[in-house]
There are 4 protein chains.
Amino acid sequence: MPTPPPSAGPAGRSRTGRARSEQARQDILAAALELARRDLGTTTVDSIAHRAGVGKQTIYRWWPSKWAIILEALLEHAERDITAGTDSGPLAERLATFLASTFAQLAGPDSDGPLLRALMAHAQQNPAFAVAWRDLLILPRRRALLELMSEGRNEDREAAVDLLFGGMWYRLLVEHGPLDHAYAHRLATAAAALLKA
Amino acid sequence: MPTPPPSAGPAGRSRTGRARSEQARQDILAAALELARRDLGTTTVDSIAHRAGVGKQTIYRWWPSKWAIILEALLEHAERDITAGTDSGPLAERLATFLASTFAQLAGPDSDGPLLRALMAHAQQNPAFAVAWRDLLILPRRRALLELMSEGRNEDREAAVDLLFGGMWYRLLVEHGPLDHAYAHRLATAAAALLKA
Amino acid sequence: MPTPPPSAGPAGRSRTGRARSEQARQDILAAALELARRDLGTTTVDSIAHRAGVGKQTIYRWWPSKWAIILEALLEHAERDITAGTDSGPLAERLATFLASTFAQLAGPDSDGPLLRALMAHAQQNPAFAVAWRDLLILPRRRALLELMSEGRNEDREAAVDLLFGGMWYRLLVEHGPLDHAYAHRLATAAAALLKA
Amino acid sequence: MPTPPPSAGPAGRSRTGRARSEQARQDILAAALELARRDLGTTTVDSIAHRAGVGKQTIYRWWPSKWAIILEALLEHAERDITAGTDSGPLAERLATFLASTFAQLAGPDSDGPLLRALMAHAQQNPAFAVAWRDLLILPRRRALLELMSEGRNEDREAAVDLLFGGMWYRLLVEHGPLDHAYAHRLATAAAALLKA
DNA sequence: CCCTAATCGAGACGGTACGTCATGTCTTACA
DNA sequence: TGTAAGACATGACGTACCGTCTCGATTAGGG
């Protein structure tokens, strides 16, 4: 759903007409992220357009909804943050480290936790957005975690990833327990056991 | 958040005036459930009121939003469905059975999966509803699962429940893999390993 | 197109539900008239709703456009202004008096001339409004003028009215000459001649 | 407001650069006229540009609005149609003939009546266009009619023209009666009487 | 025969108003 | 007092059109 940066590329469909404004794109992404982080509830397409100094139509020309903007902004500003795992140490420990560092990004007061929760929620109501959400955010992060696992059959490794991210999302969404180190270790232990079974 | 059936007992706050119509309550719950199952996107408070042959105010007098109605309807029609676990057999097997039977309720084409996803999504946006959602649906099911586990320390058992339900919700929400028997077994195996660690 | 005051009457289709708010109706009419008189160009449905302290939907529930509001407001505030003609004196003089007094209502700086021009213009683009415009404003005024004429065949009298009002509207719309006493007398003379021919 | 054909003569402000495309000008005028005659309501600058195979800027470089285009197209295609009056016969008859032939151009189903009504309407809302409208269409036709009148004082002749054209526009704009021969004769009779008074 | 400059088709841009939708509250008359 | 009906204030939505701007490509004289 989010559009790629207007690098046009070889698939660019036409070369005539005014080019898409990269300035406007960046302004929109920045405005959306700032407003959404401050107060998602009052963030509207209008408010984003106004703060970005942009016409509403310019937003709707490139994004189908404010959620797509926020997703794209999140990806752009945080793409580098996918934690690189360490190669050394026992499996359970490596998983626990990865998980704990991911937890840390969700827990802080100014973290993106609320945004991710809201996007996950929106994906439940909008199938088109769900595809973008899964393909651009969920699956890449799954792949990063999968690469940490050398052992086990494929389906076990998939289940291990589900177990780890599932445990994370569940506490993030239900808020009945903390996303702390101890939890990370327990999940990692269980995942490692699954892979060795 | 959902109100109890009107036979509220001696705590009923008023004794005068026209009594709450149980008929209307049932009509509203039934209408909400039917509309929501057919097409959640077009289900509005107005549409529920119209189909139930009821004034909108009658709805707002007793429920704060359509989501509370759906939650109450779901609880009322499905309360009995919380799977009773078997007491015999090895732990992993008992967990797998519980999980698989829960999966079965979510997978079918006319199942409540979509509704539960939508309610989980709404809970992310509405703190008041989140409380009801957690207290009336999430936590009771956690307790049912907890009771299946005899071994392990408390925190490990909590984590095991998170792992199991987390794995379930994750696949339910992201739809990247099936909620099938094999998955149930893998999650159960991991949970059992965690409890024995 | 404009709705009658909510006197319901015997044709009222139902008696249930909240009654239409006469207060809101009056507020909307007053707001529309004031804004339109000050600056028609910046008068929008939103601005009327805001100034009247009313929701936009309340406007669209009862009027199809701001033009219908203005027309209704004009009729309500000016209905009494249809000049009653004198019965005495020669025909040409009576017509000239009527015309001159009508001119006077259109010429002043705070007159309704600009509004009437705008409504006449809008009627050219909107057939539904054109019907209301003709039936509620144009034709009643024609009838008032017709009643001043005792002599002549019917078709001559119609043509005489067209001549008088046509001459008036033409100068109002094209602004190539003044709507003054001299012009009123010339038109009245011609009309009287037509009736006696 | 409409621009003259591009052979601007020695007053052209520049001598270098690409010349204005007469082809584009003709395409625009033709496209505007065709679209406007078919359905004025959906005729936008974009639609004209698209149908003419022209960029929007090419339109705005030479015309201030779609209305100016339509006016220019109308003048170009119909300039020759200003009825030449006959010099012989009694005044009332000459006027009636002129008027009837003008009526004929407005009455047909594919006539320019709707366009003229729309332009008159637009002139009420746009002072700049009103000037072009009056100077290029209204006043020339007034002059043509004035020249038919030999008798009478100047102000009477002006009023007679107003009476004739006013009667015409009034029926055109309000559509409460036909623009037929009988009406033309009545107006002509009244105008002649005015001139002889 | 190139240089300079205005025009061309195309289409993205900032902006304004529109008319619709859903929410949650309120006011009726009736039971 | 509860109820069905339905009007109300609010506020976001997504669309339409406006008139301006910026592309690269053309197309003229003037040097």
Side-chain angles (χ1 to χ4, degrees), chain A residues 6 14-21 23-25 41-47 49-50 52-62 64-66, chain B residues 6 14-21 23-24 42-47 49-50 52-66, chain C residues 6 14-21 23-25 41-47 49-50 52-62 64-66, chain D residues 6 13-21 23-24 27 42-47 49-50 52-66:
Chain A
S14 90
R15 64 186 72 261
T16 81
R18 183 174 177 175
R20 176 176 180 186
S21 163
Q23 182 64 50
R25 181 177 164 273
T42 65
T43 299
T44 68
V45 174
D46 273 283
S47 71
H50 189 261
V54 136
K56 225 182 349 169
Q57 196 59 253
T58 298
I59 290 183
Y60 281 109
R61 205 192 320 276
W62 301 107
S65 73
K66 66 177 170 184
Chain B
S14 80
R15 71 188 78 254
T16 175
R18 183 172 175 176
R20 175 177 181 187
S21 161
Q23 182 63 50
T42 64
T43 300
T44 67
V45 175
D46 275 280
S47 72
H50 189 261
V54 136
K56 247 201 311 183
Q57 191 57 265
T58 301
I59 289 182
Y60 281 110
R61 206 190 320 276
W62 302 108
W63 293 274
S65 73
K66 64 177 171 186
Chain C
S14 88
R15 66 184 71 263
T16 83
R18 182 174 179 174
R20 176 176 180 186
S21 163
Q23 182 64 51
R25 180 176 165 275
T42 65
T43 300
T44 68
V45 175
D46 273 283
S47 71
H50 189 261
V54 136
K56 220 176 2 161
Q57 196 59 254
T58 298
I59 290 183
Y60 281 110
R61 206 189 323 276
W62 302 107
S65 72
K66 64 177 172 186
Chain D
R13 61 187 176 292
S14 78
R15 67 188 79 257
T16 176
R18 183 173 176 174
R20 176 178 181 186
S21 162
Q23 181 64 49
D27 289 350
T42 65
T43 300
T44 68
V45 174
D46 274 282
S47 72
H50 188 261
V54 136
K56 248 201 311 182
Q57 190 58 266
T58 300
I59 290 183
Y60 281 110
R61 207 190 319 274
W62 303 108
W63 292 275
S65 74
K66 64 177 171 186

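As the structure is a computational prediction, the values presented were derived from the model and not from experiment. A, B, ... follow the sequence lines: proteins, then strands. Residue 1 opens every chain.
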* Structure fact -> The answer to which of A:Ala49 and C:Ala19 contacts DNA chain E further toward the 5' end, by nearest nucleotide, is A:Ala49
* Asked: Which heavy-atom pair separates D:Ala52 from D:Asp27 by the least distance, and what is that distance?
  -> CB-O, 3.7 Å
* Please state whether the phosphate of E:dG14, meaning OP1 or OP2, lies under 4.0 angstrom from any side-chain nitrogen or oxygen of A:Thr58. => yes
* Structure fact -> Rounding to 0.5 Å, atoms NZ (A:Lys56) and OG1 (A:Thr44) come to a distance of 8.0 Å
* Asked: What is the distance from CD1 of B:Ile59 to C1' of F:dA5, rounded to the nearest Å?
  -> 13 Å
* Ignoring backbone atoms, test whether C:Ser21 places a side-chain nitrogen or oxygen under 4.0 Å from the OP1 or OP2 oxygen of F:dA7. => no
Distances under 3.5 Å only, N/O to N/O: pair up the protein atoms with those of nucleotides 18-25 of chain E.
residue : atom : partner : partner atom : Å
E:dC18  : OP2  : C:Val45 : N            : 2.9
E:dG19  : OP2  : C:Tyr60 : OH           : 2.5
E:dG19  : N7   : C:Lys56 : NZ           : 2.9
E:dG19  : O6   : C:Lys56 : NZ           : 2.8
E:dC21  : N4   : C:Gln57 : NE2          : 2.8
E:dT23  : OP2  : B:Val45 : N            : 3.1
E:dG24  : OP2  : B:Tyr60 : OH           : 2.9
E:dG24  : N7   : B:Lys56 : NZ           : 3.2
E:dG24  : O6   : B:Lys56 : NZ           : 2.8

* To do: Let me know the distance between CZ of D:Arg20 and C1' of E:dA5, rounded to the nearest Å.
  => 18 Å
* For C:Arg61, all residues meeting side chain to side chain contact (heavy atoms under 4.5 Å, CB included), sequence neighbours excluded -> C:Gln57, C:Thr58
* Asked: Can you name the side chain to side chain contact (heavy atoms under 4.5 Å, CB included) partners of B:Lys66, sequence neighbours left out?
  -> B:Val45, B:Ile48
* **Any side-chain heavy-atom pair of C:Arg20 and C:Trp62 under 4.5 Å** => yes
* Asked: In whole angstrom, what separates D:Trp63's CH2 from E:dT7's C1'?
  -> 13 Å
* Asked: Are D:Arg61 and E:dC8 close enough that a side-chain N or O sits under 4.0 Å from OP1 or OP2?
  -> yes
* To do: Could you check how far CH2 of D:Trp62 sits from P of F:dG19, rounded to whole Å?
  => 18 Å
* Asked: Between C:Ser47 and C:Thr42, what is the shortest heavy-atom contact and its length?
  -> OG-O, 3.8 Å
